[in-house]
Amino acid sequence: MAEQREIKENNAWHKAVILFITVLVITAIVALVTTAVLQNQPLLQKYKYGIVLDAGSSHTAVYIYEWPAEKENDTGRVQQTHACKVKGAGISSYSVFPGQAGASLKSCMKEAESLIPLRRHHETPLYLGATAGMRLLRMENQSLSDLVLGSVEEALRSSPFSYQGARIITGQEEGAFGWVTVNYLSDRLKQGSGTTGALDLGGASTQISFVANQDGAEESAENAVTFRLYGNDYFLYTHSFLCYGKDQVLKLALSQQTQSGDSSVLDPCFHPGYSVDRDYSSVYSSPCVMTGKPLVSRDSFTHIGTGNASQCQEVVRRIFNFSGCSFSRCSFNGVYQPPLQGPFGAFSAFYFVMNFLNLTSDSLERSREKLALYCSTPWTQIKQQHPDVKEKYLAEYCFSGSYILSLLTDGYNFTSDTWTHITFIKKISGSDAGWTLGYMLNLTNMIPAEAPETPPLPHAGYITLLFFISLLLFFFLLFLSLRSRWPRCNSQTQII
Ligand SMILES: Nc1ncnc2c1ncn2[C@@H]1O[C@H](COP(=O)(O)OP(=O)(O)O)[C@@H](O)[C@H]1O
Ligand SMILES: [Ca+2]
């Protein structure tokens, strides 16, 4: 009897110990997991926001970016969450009524207010950068350009966000920040691996930027930009060609073709059957067009398409000046360009046009053939095939495609071999390729010069480790509880 009581007491004591250990271990696991999860990633993800307005020559777009709070310095974490296209033309077109430029931004700014959590409004930086359209307006009339900028500034100041300024960015900034965006989004900066060059085609200017040999900086300092990002030095060649955006280039081409003063112009870069009356002022009012309107009493001419790709190539080539290079090598118009290096991402109108023409993955030769066929297609047929495409875009794709091929080959010196190094892109990991993201990252100091300290394990690593430790503890407990039953059975057998 005494023996049985002793066994019962032993069992009770055993159970109490097991229970105590179990509670202890479970509490420890819960505490461990909670701490790890909370330290590595807040359970309730808190985001911060930034807004950049891209005031381009043809239109303005409002980009909203977000990133996890307190993780600004971690590459590849800032991403675009929304883009709002402002209705109407670019802000430079408001030179007649400058006061209305600011009002045009209102609906997109209201959209941003509804998308960004209220408590973040006051700390959300807001920037506006204007590009080539405003550069041209400033060249024509500085006070009008100041009035337009003043109007957008007033509108943005009245928003609840943290307004950081509205300015005309330089062509160099536009090129360099486009390069930063492309390489940031493709995670190339943090890896310190090879970089991608950036090709941006707008309506009024075009930019080329790529990492080149440092010697180039001595040849042409104005084309050199240096960055120290995540502990790596980058020597960037960049150039922005003002007036070489596709809309201004069309004006240049038309000005050359209308010089004779004939009432109609036969244009090989437009489809057969295309015929439109154009005012001379639509061509000659741009500061990019140096020649004056032909001396005729008429105000307009008839623009007639003939759809001939090889003749179109000649028309387009005449826009470039290939003589007078005072450097070791040039692209065109006497601008220094070192040898092309590495892969390239071509975005904005490079993408819109090449994507429409279905030329994003063809060889250079095949692209030329397909474009020739497209240009020779009658205008009525083109309109029938694409009833939903804006007629202005549709009419100009043959011209724009021919210009792109010529700019990339005759201008920048891409060959049949290096053509394959170009990727036509719109977005990278959900964010638009363009200068805005790079501009914001730079102004908010979100890319550190030196590589940030990396934790010994990534977040996923901690979770995996915890999972296995928990699993191990679970089996340990299971083993203990099973073991606690074995001796009891054994002792009972012994008694019997
Ligand atoms: N879907 C499209 N198809 C063809 N061209 C487009 C399309 N969307 C935009 N574009 C063109 O892309 C260009 C964008 O230029 P923009 O950024 O406004 O000028 P810039 O950068 O020179 O200041 C414009 O020529 C515009 O007409
Ligand atoms: Ca642009």
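Both counts, for ligands and for their atoms, begin at 1 and track the order of listing.
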Going by the ring pair (Phe, Tyr, Trp, His ring centres under 6.0 Å) test, which pairs reach into residues 146-166, not counting sequence neighbours? His121-Phe161
Please table the atom pairs, donor to acceptor, closer than 3.5 Å between any side-chain atom in residues 399-409 and protein atoms at least two apart or in another chain.
residue, atom, partner, partner atom, Å
Ser400, OG, Glu396, O, 2.9
Ser402, OG, Cys398, O, 2.8
Tyr403, OH, Tyr244, O, 2.5
Ser406, OG, Asp410, OD2, 2.7
Thr409, OG1, Leu405, O, 2.6

Tell me the ring pair (Phe, Tyr, Trp, His ring centres under 6.0 Å) pairs involving residues 84-109, sequence neighbours left out? none
Is it the case that more than 12 heavy atoms not belonging to Lys87 sit under 6.0 Å from its NZ atom? no
Can you check side-chain contact (heavy atoms from CB on, under 4.5 Å) on Ile422 and Trp419, steps first, answer last? CA-CA 6 Å; Ile422 307 171; Trp419 183 259; 4.0 Å; yes
What does the 4.0 Å heavy-atom contact list look like for ligand 1? Gly56, Ser57, Ser58, His59, Thr131, Ala132, Glu174, Gly202, Gly203, Ala204, Ser205, Lys246, Asp247, Ala349, Phe352, Tyr393, Tyr397
Which word best sums up how the rings of Trp379 and Tyr274 line up, parallel for under 30°, tilted for 30 to 60°, or perpendicular for over 60°? perpendicular
